[in-house]
Every structure is written in structure tokens, then in C-alpha cells.
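Some notes on the structure that comes next.
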Amino acid sequence: MLKYMRKYWIFAVLAAAFMIAEVTVDMIQPRLMADIVDNGILGLNGDGTPDLALIRSVGIKMILIVLAGGLFGMLSGTMANLCSQNFGNTIRKKCFDRIMHLSFEQTDAFTTGSLITRVTNDVSQVERLVQQLVRGFIRCLMFMVVGTITLMSLNVHFLVIIACAFPLVLLDIGFILWKTNPLFTLLQGRIDGLNSVIQENINGTRVVKAFIQEDREAARFDAANTSLVDTQLRVLILMSFLRPIMNIVLNLATVALIWVGAIQVQAGGMQPGEVMAAVTYISQILNGMMMLAMIFQTLARGRASAKRIRQVLDADPVIKDGTLDEESLRALYADSESDGSADSADGLATGTAAIAADYQPTGSVTFKKVSFTYPASGANPGAPIEVLSGVDLEVRPGETLAVIGPTGCGKTSLVNLIPRFYDATEGTVEVDGVDVRDFKLQTLRSKVAFVTQKNELFSTTIIDNIAIGRPGATEDEIHKAAQTAQAEDFILQQPDGYDTAVAEGGMSLSGGQRQRISIARALLKNAEILIFDDSTSALDLKTEAALYQALKKNYPGMTKIVIAQRIATARKADRIAVVDSGRIDAVGTHQELMETSAVYRDICASQERKSPQKGGAA
Amino acid sequence: MDTTKGVIEFEHVSFSYVPGKQIIHDFNLKVEAGKKIALVGSTGSGKTTIINLLMRFYDIDSGRITLDGVDIRDIALSDLRDLVGIVLQDTVLFTDTIRGNMCYAKPDATQEDLERAAAFSNVDQIAAALPEGYETLLTDAGDNISQGQRQLIAIGRAFLSHPYILILDEATSNIDTRTEKHIQEAMYRLMEGRTSLIIAHRLSTIQDADTIVVMDQGHIVESGTHEELLAKKGTYFDLYQTQFAGQEI
Amino acid sequence: MSYVKKRFAAAGGASGSAANTAAPQGFGRRRNMGAPTEKPKDGGKTLRRLLSYFASHRTAVILLFFVVTATVLLRIAAPAYLSRAIDAITMRTFDKLPQILLIMITLYVTSSACNLLEEYLGAKLSQKIVKGMRADLFRKTIDLPVGYLDTHSHGDLISRMTNDAENISNVVSSSLTSLFSGLLTLVGTVAIMLSYSWQLTLLSCSVIIFSVLFTRFLSRYIRKLYVKRQCLLGALNGIVNEKVTNYKTVTAYNQQDSVVDDFNGTSNELTRTGILSEILSSSMGPVMNMLNNVSFVVVAVSLLSSSTPSSSPARSTNWRSCTGRSRRRWRVPSASSRSWTPPPRTRAARCTWTPPRASSNSST
């Protein structure tokens with residue numbers, strides 16, 4: 001993480017330098033003040049009458065010095081802020097960037113609530129840590145070191161007092177930090193917990209209300225809140241011992257100092273004024289100690305936060321990027337077109353060329369002996385269940401393949417493997433004749449337009465939501481996509497048409513409207529392969545029919561993989577794949593399947609039109 | 001609450017989410033006690049909004065909605081919502097075990113209650129296939145169970161709350177039709193003599209309803225039984241033809 | 001910035017919509033950004049609401065007040081004895097010393113004990129208050145009409161319950177005890193100063209008034225920046241929440257980079273605002289320090305011009321103890337030279353060297 005500091009270390013150095021200047025000025029100034037009091041007001045060096053001229057000249061000097069001190073202080077603060085906040089900004093951005101490139105299983109494992117805390121709260125803690133370190137550490141070190149040295153230069157006997165007091169103070173700091181250190185990681189974890197409860201409640205507010213569980217949720221929140229507050233309180237109470245104990249030790253040191261000073265004065269080894277100065281210096285040392293304690297407190301919390309940020313930054317995406325990008329593939333393709341072989345392609349390693357030898361950018365998808373198991377999560381460590389086993393399936397370029405099967409049979413898992421949302425545990429998935437793991441993720445995903453089952457809309461305008469499909473698309477293209485998705489009619493009825501704002505999660509739109517915007521988004525992408533994961537379930541049949549018709553007309557070349565529940569939807573496809581318990585039961589046309597697949601016949605029977613003669617069939 | 005019969009009546013109800021953009025205008029509907037009512041209609045015709053209004057997620061702009069003759073605005077929110085079991089279009093499950101999610105509305109449910117509701121909603125089969133069974137932890141975004149299975153759990157949750165009125169808003173959209181049929185049979189047994197409101201696009205889901213209400217642009221276009229509506233050869237007939245005509249689509 | 005602007009615009013526009021009319025008032029702190037004219041009224045309301053939380057822990061507050069009073073009295077007394085001890089050394093009356101030192105030890109030990117109790121009570125009170133505040137906010141959130149949640153950023157709401165509440169926690173835990181002790185110290189020192197010289201008091205007070213005015217002037221501006229900063233933090237929360245929730249779509253459309261760009265824009269804006277607000281608030285400390293020291297010179301010079309030059313030695317010692325004591329009183333116990341910092345900030349100044357404003361708010 002420190003490497004992100006590199007750009008800002010100059011601010012840190014400047015902050016420290018200005019801090020040294022400020023502290024130096026702070027240390028000169030008591031002397032001037034003493035000069036004014038002793039020589040000016042009391043006239044100790046003269047005849048005992050106030051020396052107005054001296055007061056004026058020293059006074060002006062002092063004002064100037066004070067002004068300089070203030071200026072240095074401000075500059076030091078400015079530099080420290082520039083350093084810490086820019087550093088914080090950098091890690092915040094890196095952190096979010098990393099989150100946006102993690103694999104699903106990883107973001108799932110972190111949980112949204114925790115990721116939010118890490119990006120905001122934890123980064124702030126680290127910012128604070130840097131700020132305090134840069135400014136405070138130097139300051140308190142100076143106070144302590146200079147204070148100690150001057151104190152000892154006044155009288156060596158004072159060394160004994162300091163030698164006694166220091167270990168006690170360090171012991172105090174050490175003990176409390178040792179006790180509080182583990183609490184800080186716990187504390188940030190508690191904030192995660194609280195975040196998660198709030199997040200779930202806000203997202204699931206309808207269910208909470210419908211089942212009148214407000215009280216229970218409040219109790220759940222209360223539990224999270226209590227555990228957060230309890231942890232925080234434990235930290236605060238432990239910390240509250242820090243200062244009083246240090247105060248006692250250092251104040252007793254002051255008393256001891258006076259006592260030793262008195263003996264020295266009595267013995268004639270010291271002047272009373274020197275004792276006074278010694279008291280001032282020991283208070284400066286005390287000052288430094290207090291700051292040190294505060295720094296250590298911030299350090300403990302900042303370290304816990306830094307660890308949590310590192311966990312994100314160090315998380316390596318499970319889905320590894322491949323090497324083949326559009327350009328290299330195009331070169332290969334052109335090459336294989338012209339002389340029938342790919343191995344002579346310029347600028348490509350022969351290994352890559354071999355991998356891509358079968359590349360045909362036509363939109364074919366092939367599953368070869370694919371098995372898939374969801375990675376075990378921390379929450380459910382039990383033996384993972386195989387979701388897909390030994391799936392062989394070929395989707396031909398340009399064809400429409402419907403996927404049908406019972407709930408939980410693995411339909412979504414099957415299509416999730418195509419854009420590499422997950423990787424197959426066994427076997428290979430090929431797109432355009434190339435193993436999906438060999439593509440650069442960006443290239444692979446640009447070939448696939450995926451409409452998720454749970455519609456994900458963003459809180460921006462409708463047109464922006466569609467334009468995500470292909471940033472830079474013209475308005476005509478967007479309109480064409482919206483028209484094909486049967487979305488334009490209702491969009492134009494919205495208060496601001498395409499510019500109507502969508503509420504978070506698309507809650508301002510009906511389920512079917514959300515689905516159609518998601519479909520329009522996918523169509524705009526104009527990818528080789530279009531995947532509908534049960535994406536027309538909320539559409540009425542008329543709309544759905546119109547959609548498929550327009551799709552055929554406006555986007556004819558696309559390979560379409562459509563997960564469906566309705567036979568009426570499925571039978572419009574070129575072929576239908578029946579999935580049952582993670583296996584491909586049968587593939588064929590409606591007629592073929594009616595003969596060969598018992599599962600398919602059964603599904604059909606469940607949707608048969610109800611004939612008046614048969615009475616209540618359902 | 002034992003006196004609840006479950007007569008729902010919408011009287012001249014109008015509503016808009018955004019001023020000037022009315023979603024529901026002058027909506028009138030009476031649901032007799034113990035009947036099964038289906039709402040069908042094109043997307044955006046206001047079906048979910050009707051549910052939102054009945055649950056008082058939003059309040060109507062004019063007119064009134066009554067439950068057994070009492071304006072729902074005069075019923076305590078908790079009483080109103082206590083009577084209703086609802087399965088929403090967007091499945092919401094909490095970070096909890098399957099058991100915890102099923103028993104969400106009835107934290108004191110017994111194992112028998114749980115198993116009965118699970119059998120009705122096919123959740124028993126989901127649990128049986130998972131190594132941790134009912135104790136499997138679900139996460140908000142986790143992919144460890146499918147969307148259809150999530151819907152089944154949400155249905156089981158509503159079943160377990162023993163409602164007087166059951167509302168299913170596209171509750172089975174991601175569930176295959178065979179499982180759906182099974183659940184429907186269970187639901188009919190469960191809701192015997194109680195009112196239920198079903199929104200669905202699959203006509204096979206709703207053709208047994210006592211009354212099918214066809215909506216368009218916030219209005220009721222027609223209503224009646226499956227047979228009556230087919231005989232009318234109106235909007236419903238058209239919808240029905242599209243669904244089962246197959247080839248010409 | 002564009003994201004936030006949009007959000008402000010959306011929030012402003014939405015406040016008139018039907019969905020929002022049912023939303024309880026007082027939730028719109030952020031909406032004030034769009035309508036700054038409402039601010040003063042809202043500020044008073046916020047303060048009253050904040051005070052009501054203290055009111056519900058009345059006994060703890062009263063107890064704390066007593067403990068703080070004791071601490072402050074002890075803190076004022078200790079330097080007086082320190083002065084006497086020094087005088088004893090100067091006057092070479094060493095036999096008096098053991099007794100003075102014993103009293104000092106007693107004072108220091110009791111003051112530390114009181115200090116411990118004060119911190120303990122302060123921590124407990126602040127956590128209780130923040131807990132209650134958070135619980136109320138959550139209760140309010142789940143009781144909000146669905147329409148409100150449908151039209152407001154969820155991440156922003158989360159931010160209010162965690163980031164903003166934590167800020168309040170920091171402010172409460174640091175400002176309550178310092179408010180008490182600051183007020184008492186002020187009253188105490190003014191009383192002692194009056195007993196020495198009313199002219200000196202008057203002059204010093206004018207400096208205090210000047211610094212209070214200056215603080216007020218500066219803090220009004222800084223507050224605006226802080227509101228904006230918390231707002232941006234909420235926006236940032238909103239982005240993370242939404243994009244992580246919709247991560248599948250973000251990934252499927254290769255939108256990671258543009259999403260990151262959007263985030264970076266808001267993050268940069270947050271940093272800019274943060275730096276500006278921190279720089280301004282952290283310059284308050286040095287400025288106060290400057291005022292303090294300048295005032296010392298001014299006091300010394302003007303007092304001399306007005307006093308008779310024929311001062312007796314006894315009078316001189318009085319001078320000495322007056323200036324010397326007041327100097328030390330403000331220096332030793334506060335472990336910092338920020339004696340002229342306005343009352344509510346004393347504690348912050350005592351425990352950190354960063355200027356009080358910054359320390360109570362920098363935990364964002």
C-alpha cells in the first residue's frame with residue numbers, strides 16, 4: 001500500500017519541515033516572553049523599573065515570530081492534508097477499481113456492506129493515520145527530545161527523574177495499545193455488520209413491511225448497533241486510562257523536579273529561574289507524550305483499517321484474464337482465411353496461434369464435457385454440489401436455442417459460463433472455436449450480450465441505462481434497440497421520455513418495463529451472441545411475441561440463447577435444449593422433443609391449454 | 001381478526017407516482033370473500049400498482065379501498081399487513097438460513113409448520129439437495145441457489161404466515177411450469193375459503209381463477225371466468241391465442 | 001461532480017413529487033444544499049434535536065458536570081501551588097516546601113482520578129447518545145414510505161447511519177466535557193484575573209471576543225464545506241452500493257472502467273473538498289495561537305503605559321505572579337498553548353495538537 005504514497009512523499013517531507021519550523025518558533029517564543037517579563041516589565045537587569053523600549057522592540061520581534069509560527073503551522077497543515085488526502089484518494093480509487101475487477105464469488109464473500117465500509121470509512125481512518133503521523137510524530141518527537149536535552153543541560157540530576165518517568169509512561173501506552181489493538185479490527189467488522197443490516201432493510205423494505213417485521217428488524221439493527229457501540233465503548237474506556245495515568249506520572253515528575261531543584265538551589269548549584277524553566281520544559285515533554293499517545297491510538301485504528309483495505313487490494317481475481325484480443329484474433333482470422341493456416345500469423349506466439357487456429361468469429365458456442373460446481377463459500381463450507389455435470393452442447397452460429405428445464409436444474413449456471421462469470425470446473429467452453437479462458441475478458445464479453453434474470457438498472461436516465469450497452473451509440477441505434485425490445489412505446493409515455501430518471505434498482509418501473517430496458521441495452525450492444533436468462537418472464541405474451549418478431553427482423557445474424565419457462569416461447573426457437581438435474585436431457589425441435597423427451601412432454605402437459613371439456617386441469 | 005372475511009373493494013381509485021402521470025384512473029373492483037382473482041394485462045398496465053395500493057406501500061390519491069367494508073386507511077398498518085401474505089415480483093431474501101427466511105413472518109413456527117409450508121412450496125426438495133439442508137445460509141447476492149429457488153422460498157415464506165389474503169405478484173415467473181402446477185394445487189388447498197389475488201403472464205397459471213380481470217392502462221378492460229372471457233373474444237381471447245397459437249409467432 | 005450535481009437536482013426535484021410528500025421532514029439535511037435559505041431554521045431544529053438526546057440522559061449529564069467542575073477547580077488550584085513552590089524556592093523558605101509539594105501531589109492525583117472519571121462518563125454518554133440516534137434513524141428509515149426509499153439513494157442513507165453518526169459520536173464525546181470544562185475554566189480565569197486587575201481582564205476579554213467572532217466567521221464557511229463533504233461521501237457510498245449490487249451487469253457490459261471513472265470523479269471531488277475544508281479548519285489553530293501571543297504583548301505594553309512607573313517591589317512580585325501565573329496556568333494544565341481557543345474546543349486542543357475543528361471532524 002505504501003507504494004501509493006510515492007507520489008505524495010514530497011508533501012509529507014514539506015509538512016514535517018514546516019512542522020519543525022513551527023515548533024522551533026514555539027520554543028523561541030517563551031524565551032522572548034520571559035525577556036519581556038523579566039527585563040521589560042520587572043526590569044530585573046536594570047534598576048527595577050519597567051523598560052518600555054525593550055518591551056516594544058522585543059514585542060515587535062515576538063509578534064513577527066508568532067506570525068511566522070502561525071504561517072508555518074498553516075503550511076504544515078496544508079502539506080499534511082495534501083499528502084494524506086491525496087494518498088487516501090489514491091487508495092480509495094485503487095480499491096474500488098480492484099472491486100470492479102473481482103470475480104463474483106469474491107464480491108459475494110466480502111459482502112456489499114463490507115465493501116462500502118472499506119472504501120469509505122477504512123480509507124478515512126488511514127487518511128487520518130497518515131495525517132497524524134506526518135504532522136504529529138515530528139512535533140512530539142521534537143518536544144520530547146529538545147525538552148529532555150534542555151532539561152538535562154540545566155541539571156544532570158533531572159535525568160534521574162526522567163529516567164524514572166519515561167518507562168512508566170511507555171508502559172502505560174504499551175499496555176493500553178496492546179489491549180485495544182485487536183478491538184479495532186473488531187470495530188470495523190461491527191461497522192460492516194451494521195451496514196449490512198441497513199442495506200438489507202432498505203433493499204427489502206417491501207418484504208419487511210408486508211410481513212410487518214419492522215420491530216424484528218429494529219431488534220436486529222439494535223443487536224448490530226449494540227455490539228458496535230459496546231466495542232467502541234471498550235476502546236474508549238481503555239483509552240480513557242491513558243491520559244490520567246500519564247498525567248499522574250508526569251505531574252509527579254514535576255513535583256520531584258521541584259524537590260530536586262529546591263535541594264540544588266539550597267546547595268547553591270542552581271538559580272530559582274532555572275527551576276522555573278525546568279518546569280516549563282517538563283510540561284513540554286508532557287505535551288509530546290500526550291501527542292504520542294494520540295498518535296498511537298490513531299495508529300492502532302489505522303492499522304486495522306489498512307489491513308482491511310489491503311485484503312481488497314491484494315485480492316486476485318479468481319477469473320484470470322486471457323491473452324487473445326480483438327486485434328490478434330482479427331489478424332489470425334484474416335490469415336487463416338487467405339492461406340488456410342493460422343500458424344504463420346505475424347507477431348503472435350505460435351502457442352497463441354495454435355489456440356486460435358479454430359477461430360471463427362461467427363457466434364458459435366460449444367460446451368465440451370462441462371462440469372461445474374459453485375465455489376464453496378465461507379458461509380456454507382459443506383460439500384459443494386455439482387450443478388452441471390458432463391454437459392455437451394453445441395450452439396450453431398446464428399441459431400436460436402431455447403433452454404428449458406425445471407427450477408434449479410442449472411440453466412443459469414450454464415449460460416453464466418459463456419461470458420466467464422464463473423469458470424467451468426471441468427471441461428471447456430468455447431466461443432467462436434476458442435476456449436473462453438484464452439480470450440481477454442474484455443474481448444470475450446464484448447462478444448456476448450447478456451440479459452440477467454434479475455434486472456439491474458442504474459439510477460440514471462432511461463437512455464443512459466440503454467446506452468451502457470454500447471457507449472457512443474447514436475440515438476438512432478438506441479431507438480432501434482428500444483423499438484425492437486418493445487420498449488419505445490412506454491418510454492415515450494414517461495414524463496421525460498428517454499430522459500426520464502430511473503429510481504435506484506429501477507423501482508419506478510414495472511417488472512416488464514425493466515426487462516425491456518435491459519433487453520434494449522443488450523440489443524444495442526449488437527454482439528455476436530445474445531443471451532436471455534429468463535428475461536421475458538414479466539412480459540405479456542403479446543409483447544413477447546412482438547419482441548421476438550422484431551428481433552428476427554432487426555438483428556438477424558445473432559446467435560441467441562434463450563432460457564425460458566413457457567413452451568410458447570421455447571418452440572419459436574430453432575432448437576430446444578432440455579436441461580434436467582445438471583445434464584442435457586435432449587436437444588431438438590419441438591416436434592422431435594415431443595417424441596424423444598419425457599421431461600419435455602411433461603413440461604408441455606403442464607402448460608397445455610385448458611379445454612372446457614376437461615374441466616379444471618390445473 | 002377471526003371475523004375477517006376478506007372482501008376487498010376498490011372504489012373509484014386513482015393514483016399516480018409522479019404528479020400528472022396517472023397510473024390508475026377510476027379503478028373499480030370488488031373481490032368477494034374466498035375468491036381467487038387473477039389480474040392480467042400488458043406490462044405497465046398497473047397490476048403491481050394495485051398491489052402496492054392494497055398493501056399501502058403507497059397511498060391512493062382519490063377514491064377508497066375497503067377491506068370488509070372498512071377503509072384500509074382506517075386499519076392499523078400492522079393489522080392490514082398481518083392479514084395479507086404476499087410474494088413480490090422482486091424476490092427479497094435476507095442474509096439468513098433457509099429456515100430463517102421461511103420463518104421470517106412467524107419466528108415461533110414449529111418444525112412441522114416449516115415442513116408443511118416447505119412441502120407446499122417445493123422448498124423441501126431444495127433443502128434436501130443441499131448439504132446443510134434448511135440451515136444453508138443464503139446471501140443477498142449469492143449464486144448458491146437459483147432465482148427460481150429463491151422464488152419458491154419466498155412463496156414458502158408467505159404460506160407459512162397463514163394469511164387471510166394471499167397475493168402473488170408474478171411470484172412464479174422464474175419457476176418451471178411443472179413445479180408451479182404443484183404449488184398451485186397446494187395453494188388452492190391452503191387458501192380454501194380465503195381470498196387470493198394473482199398476477200401472472202402465463203395464462204396457464206391463472207385460467208382456474210374465479211374471476212380474471214384484464215387490465216390496460218390502469219383500467220379494467222374486461223373481467224369474468226376463463227370460459228366467459230374466451231367466449232367474449234376480446235382482449236383476453238387475443239392474449240390466449242398468442243400464447244397457444246405457437247407457430248405463427 | 002456531475003453525479004452529485006445530478007443527485008442534488010434529483011433530490012430537489014423529487015421533494016415536490018407525490019412519492020415524497022409523505023416523507024417526514026427533517027430528513028433533508030442534504031437537500032438543504034439545494035435550498036440554502038432554509039439553513040438557519042433547520043440548524044436550530046437540529047441543535048434542539050441533538051439537545052433532546054442529552055436531555056434523555058439527564059443524570060449522566062449532571063454527574064459529568066460535577067466531575068468536570070471538580071477537575072477544573074483542581075486544575076486551577078494546582079498551578080497556584082506550583083507558583084507558591086517556586087516562590088518558596090525563590091524566597092529560600094525551604095521549610096514550607098514539603099507541605100506545598102504534598103498538597104500538589106494530592107491535587108494531581110485527585111485531578112487525574114477526576115479526569116479518568118470524566119473521560120469514562122463522557123465515553124459512555126457519547127456512545128449511548130449515538131446509539132440512540134442511530135436506532136432512531138433506522139426506525140425512521142424502516143417506517144418511511146416505500147416511495148421515499150424508491151426515490152433516494154440507498155448508499156447515501158447507509159452513509160448517514162454510519163459515517164455521519166460516527167462523526168456525531170466523535171463530536172459529542174469530545175465536545176461535551178470540553179464545553180463544560182471550557183466554560184468553567186473561562187469563568188474561573190476571568191474571576192482570578194479580575195482579582196488581579198480589571199484592565200487586564202478587559203483587554204484579554206476583547207481578545208477572546210475577537211477570536212470567537214473570527215471562529216464563527218470561519219466556521220460558517222467551513223461548515224458549508226463539511227456538509228458538501230459528507231454529501232459527497234454519501235454519493236460515493238451510493239456508487240459503491242449500486243455498482244456492487246448490479247455487478248453482473250457492470251461486468252457483462254465491460255463497464256468496469258467507466259464505472260471506475262465515475263467513482264474517481266466523485267472521489268477526486270471529495271478529496272478536493274476535504275483538503276479545502278481541512279486546510280481552513282486547521283489554520284484556525286495557528287491563527288488562535290497567534291492571537292493569543294499577540295495579545296500577550298499588547299496586554300503587557302498597554303498595562304505598562306497605564307500603570308504608574310513608581311512601582312514598589314511588592315507590586316512587582318504581584319506583576320510577576322499575575323503574568324507568570326496566568327501564563328503558566330494556561331500552559332501547564334492545558335498541555336498546549338491554545339489558551340485562547342474558544343471554550344468548546346479546549347479538550348480537543350488538549351488531547352491533540354491538531355486544531356479542534358479538525359480533530360472532531362477529520363474522522364469522516
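Numbers restart at 1 for each chain; the letters A, B, ... are given by sequence-line order, proteins then strands. What's counted below: heavy atoms across the whole structure, side chains too, no hydrogens, waters or symmetry copies.
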Which bit of A:T78 comes within less than 4.5 Å of chain C, counting heavy atoms only: side chain, backbone, both or neither?
both
Without hydrogens or angle criteria, can the side chains of A:S103 and A:R420 be said to hold a donor-acceptor pair below 3.5 Å?
no
A:A80 versus chain C, the contacting section by heavy-atom distance below 4.5 Å:
neither
Could you tell me whether C:E119 and A:R243 have a side-chain N and a carboxylate O separated by less than 4.0 Å?
yes
Check: A:N195/A:T117 side-chain N/O donor and acceptor closer than 3.5 Å:
yes
Please classify the contact of A:T107 with chain C as side chain, backbone, both or neither, using a heavy-atom distance under 4.5 Å.
side chain
With chain C as the partner, which of A:R521, A:E217, A:K525 has the greatest number of non-hydrogen pairs under 4.5 Å?
A:R521
Most heavy-atom pairs under 4.5 Å with chain C, out of A:A449, A:A262, A:A503, belong to A:A262
What part of A:R301 gets within 4.5 angstrom of chain C, counting heavy atoms only: side chain, backbone, both, or neither?
side chain
Identify which of C:V259, C:V130, C:L117 forms the greatest number of heavy-atom pairs closer than 4.5 Å to chain A.
C:V259
Taking every non-hydrogen pair under 4.5 Å, which of A:F450, A:F72, A:F221 racks up the most with chain C?
A:F221
Quick check on the interface: out of A:I263, A:V119, A:I99, A:I468, who has the most heavy-atom pairs with chain C under 4.5 Å?
A:I468
Interchain contact, A:V448 with chain C, by part (heavy-atom threshold 4.5 Å)
backbone
Under a 4.5 Å heavy-atom cut-off, does chain A meet the side chain of C:R92, its backbone, both or neither?
side chain
Charged N to carboxylate O under 4.0 angstrom, C:R139 versus A:E214?
no
When the 4.5 angstrom heavy-atom criterion is applied to A:D230 and chain C, the contacting part is neither
Would you please say whether a donor-acceptor pair under 3.5 Å links the side chains of A:Q125 and A:N121?
yes
State, without any angle test, whether A:Q132 and A:T298 hold a side-chain donor-acceptor pair at a distance under 3.5 Å.
yes
Can you list everything that forms a ring pair (Phe, Tyr, Trp, His ring centres under 6.0 Å) with C:Y253? Sequence neighbours excluded, please.
none
With a 4.5 angstrom heavy-atom cut-off, could you sort out which part of A:L75 is near chain C: side chain, backbone, both or neither?
neither
Let's test your reading of the structure: which of A:L252, A:L441, A:T205, A:L233 forms the most heavy-atom pairs below 4.5 Å with chain C?
A:L233
Flag, side chain of C:S267 to backbone of C:F263, donor-acceptor distance under 3.5 Å
no
Verify the distance criterion only: is there a donor paired with an acceptor across the side chains of C:T71 and C:E118 at less than 3.5 Å?
yes
Portion of A:S76 that has a non-hydrogen atom of chain C nearer than 4.5 angstrom
neither
Judged by modelled atom types alone, do C:Q255 and C:S258 share a side-chain donor-acceptor pair under 3.5 Å?
yes
Which residues satisfy the ring pair (Phe, Tyr, Trp, His ring centres under 6.0 Å) test with C:Y247, sequence neighbours excluded?
A:F104
Side chains of C:T245 and A:E456: is there a donor and an acceptor less than 3.5 Å apart?
no
Whatever's closer than 4.5 Å to a heavy atom in chain C on A:A501 counts as neither
Which region of A:L194, side chain (C-beta onward) or backbone (N, CA, C, O), has a non-hydrogen atom less than 4.5 Å from a non-hydrogen atom of chain C, or is it both or neither?
side chain
Working to the nearest 0.5 Å, report the span between CD of A:E127 and CD of A:Q131.
8.5 Å
Do you see a donor-acceptor pair shorter than 3.5 Å between the side chains of C:N254 and A:R445?
no
Name the option with the most non-hydrogen atom pairs under 4.5 Å to chain A; the candidates are C:V146, C:N241, C:V109.
C:N241
Please classify the contact of C:F94 with chain A as side chain, backbone, both or neither, using a heavy-atom distance under 4.5 Å.
side chain
Highest number of heavy-atom pairs under 4.5 Å with chain A among C:R134, C:M104, C:K243 belongs to C:R134
Can you tell which part of A:F421 gets under 4.5 Å to a heavy atom of chain C, answering side chain, backbone, both or neither?
side chain
Portion of A:N455 that has a non-hydrogen atom of chain C nearer than 4.5 angstrom:
neither
Part of A:I65 within contact of chain C (heavy atom distance under 4.5 Å)
neither
Among C:V260, C:L280, C:V244, residue most engaged with chain A (heavy-atom pairs, under 4.5 Å)
C:V260
At a 4.5 Å cut-off on heavy atoms, which part of A:K93 comes close to chain C: side chain, backbone, both, or neither?
both
Give, as side chain, backbone, both or neither, the part of C:I275 having an atom under 4.5 angstrom from any heavy atom of chain A.
both
State the OG1-CH2 distance between A:T254 and A:W259, to the nearest 0.5 angstrom.
16.0 Å
Option in A:L228, A:N247, A:I116 with maximal non-hydrogen atom pairs under 4.5 Å from chain C:
A:I116
Does the side chain of C:N237 come under 3.5 Å of the side chain of C:D156 through a donor N or O and an acceptor N or O?
no
